[in-house]
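In what follows, a structure is listed as structure tokens, so that the remarks can point back to it.
When a residue number appears, it is its place in the shown sequence, counting from 1. All values derive from a computational prediction rather than experimental measurement.
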Amino acid sequence: MSEAKNFYVCAICGNQVEMLEDGGGELICCGEPMTLKSKSCETAQTPEHDLKISKIPGGIRVQVGQNGHPMKPEHYIQWIECWVKDHVFRKHLKPKEEPVAEFMVDEILKEGEKPLVRMFCNIHGMRYCTDCEKGCEVACAGAETCASA
């Protein structure tokens, strides 16, 4: 059974699927069950994949990598995503673009709510904001970074 908002990848062809509504079936691609990426991938637990979250007027700014992340055709951040309750914001990136996204979330954040942030590297896989996995206090407090792998 699949769960809403979970992210799946085909280990054979690389297809990516985000579950919007759970119909109860198993996701199959290339004849094999797709792999659930519910946590940060072990290979994405490096400083180049850290998520630096900072407060900006109206929302948050997310930068991938302590000193940036490679953005070459063979190795780049494919997207950065932010969830606030039932709202999902995603910025798709291309090689040579800066691995940064800004999400204007202040108007929908209610008292006590925290955003969840994650990104996907085409080589190393998923990385969640480590503090977000625990319930992020950092982004809304305007701290410097939200990464301590």
Side-chain angles (χ1 to χ4, degrees), residues 1-54 56 58-65 68-110 112-140 145-149:
M1 181 179 282
S2 305
E3 292 184 31
K5 294 188 182 176
N6 277 337
F7 186 78
Y8 298 80
V9 176
C10 176
I12 297 169
C13 73
N15 276 342
Q16 301 176 7
V17 174
E18 183 174 35
M19 181 61 59
L20 299 178
E21 189 69 37
D22 184 359
E26 182 177 31
L27 293 176
I28 305 290
C29 188
C30 298
E32 297 290 328
M34 295 184 81
T35 304
L36 172 63
K37 301 292 184 183
S38 62
K39 298 285 182 200
S40 295
C41 296
E42 192 68 33
T43 55
Q45 297 291 332
T46 62
E48 76 176 358
H49 298 102
D50 282 352
L51 295 166
K52 181 179 179 183
I53 301 174
S54 52
I56 60 171
I60 61 172
R61 181 178 195 270
V62 181
Q63 176 181 328
V64 179
H69 183 281
M71 292 298 284
K72 302 173 185 172
E74 64 276 4
H75 183 199
Y76 68 102
I77 301 302
Q78 291 183 305
W79 48 262
I80 302 170
E81 184 177 76
C82 176
W83 297 343
V84 176
K85 211 171 186 179
D86 60 350
H87 295 79
V88 179
F89 303 88
R90 183 181 302 123
K91 180 177 181 183
H92 291 270
L93 301 166
K94 296 179 182 147
K96 299 183 182 175
E97 291 183 335
E98 188 178 4
V100 171
E102 293 183 354
F103 302 108
M104 299 296 125
V105 297
D106 282 1
E107 287 188 20
I108 58 171
L109 270 176
K110 293 189 170 88
E113 285 183 336
K114 307 298 179 198
L116 173 78
V117 177
R118 65 184 181 178
M119 68 85 195
F120 194 83
C121 173
N122 72 322
I123 298 293
H124 300 105
M126 183 79 71
R127 174 72 183 262
Y128 281 79
C129 165
T130 53
D131 291 323
C132 293
E133 288 177 326
K134 301 171 201 155
C136 188
E137 303 276 335
V138 177
C140 299
T145 184
C146 194
S148 54

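Counting heavy atoms from C-beta on, the side chains of Gln16 and Phe120 come closer than 4.5 Å. Put simply, the side chain of Cys129 does not reach to within 4.5 Å of the side chain of Leu116, judged on heavy atoms. In this structure the side chain of Cys82 reaches within 4.5 angstrom of the side chain of Val105, judged on heavy atoms. When side chains are defined from C-beta on, Pro95 does not count as touching Lys72, because their heavy atoms never get closer than 4.5 Å. Taking the side chain as every heavy atom from C-beta outward, Val117 and Ile53 approach each other to under 4.5 Å. Contact of the Trp83 side chain with the Arg118 side chain is registered, since non-hydrogen atoms from C-beta on lie closer than 4.5 Å. Using a 4.5 Å cut-off on side-chain heavy atoms (C-beta onward), Leu27 and Met19 make contact.
Considering CG of Asn6 and CE of Met34, their distance stands at 12.0 Å, rounded to 0.5 Å. The distance from the CH2 atom of Trp79 to the CZ atom of Phe7 is 4.5 Å, given to the nearest 0.5 Å. If you take CD1 on Ile80 and CG on Leu51, they are separated by 7.5 Å, rounding to the nearest 0.5 Å. Ile12 contributes atom CD1, which lies 7.5 Å from atom SG of Cys29 (distance to the nearest 0.5 angstrom). Annotation: the span from Asn15 atom CG to Cys30 atom SG amounts to 6.5 Å, rounded to 0.5 Å. Annotation: the span from Leu93 atom CG to Gln78 atom CD amounts to 9.5 Å, rounded to 0.5 Å.
Side-chain atoms of Asn122 come within 3.5 Å of backbone atoms of Tyr76 as a donor-acceptor pair (strictly under, hydrogens ignored). Under the 3.5 Å distance criterion, the side-chain polar atoms of Lys52 are left unmatched by any main-chain donor or acceptor of Val62.
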Apply side chain to side chain contact (heavy atoms under 4.5 Å, CB included) to Ile56 and Met104, showing your working.
CA-CA 9 Å; Ile56 60 171; Met104 299 296 125; 3.3 Å; yes

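Applying the side-chain hydrogen bond (donor to acceptor under 3.5 Å, both in side chains) rule to pairs touching residues 93-107 yields Lys55-Asp106, sequence neighbours excluded.
Residues satisfying the side chain to side chain donor-acceptor pair (under 3.5 Å) criterion with His92, sequence neighbours excluded, are absent altogether. His87 is linked by a side chain to side chain contact (heavy atoms under 4.5 Å, CB included) to Phe89, Ile108, counting only residues two or more places apart in sequence or in another chain. Not counting sequence neighbours, the partners of Glu48 by the side chain to side chain contact (heavy atoms under 4.5 Å, CB included) test are Thr46, His69, Pro70, His75, His124.
Comment: Arg127 does not engage Glu81 in a salt bridge, judged by the lack of any side-chain N to carboxylate O separation of less than 4.0 angstrom.
Taking every heavy atom of both residues into account, Ile77 and Cys121 meet most closely at CD1-CB, 3.9 Å.
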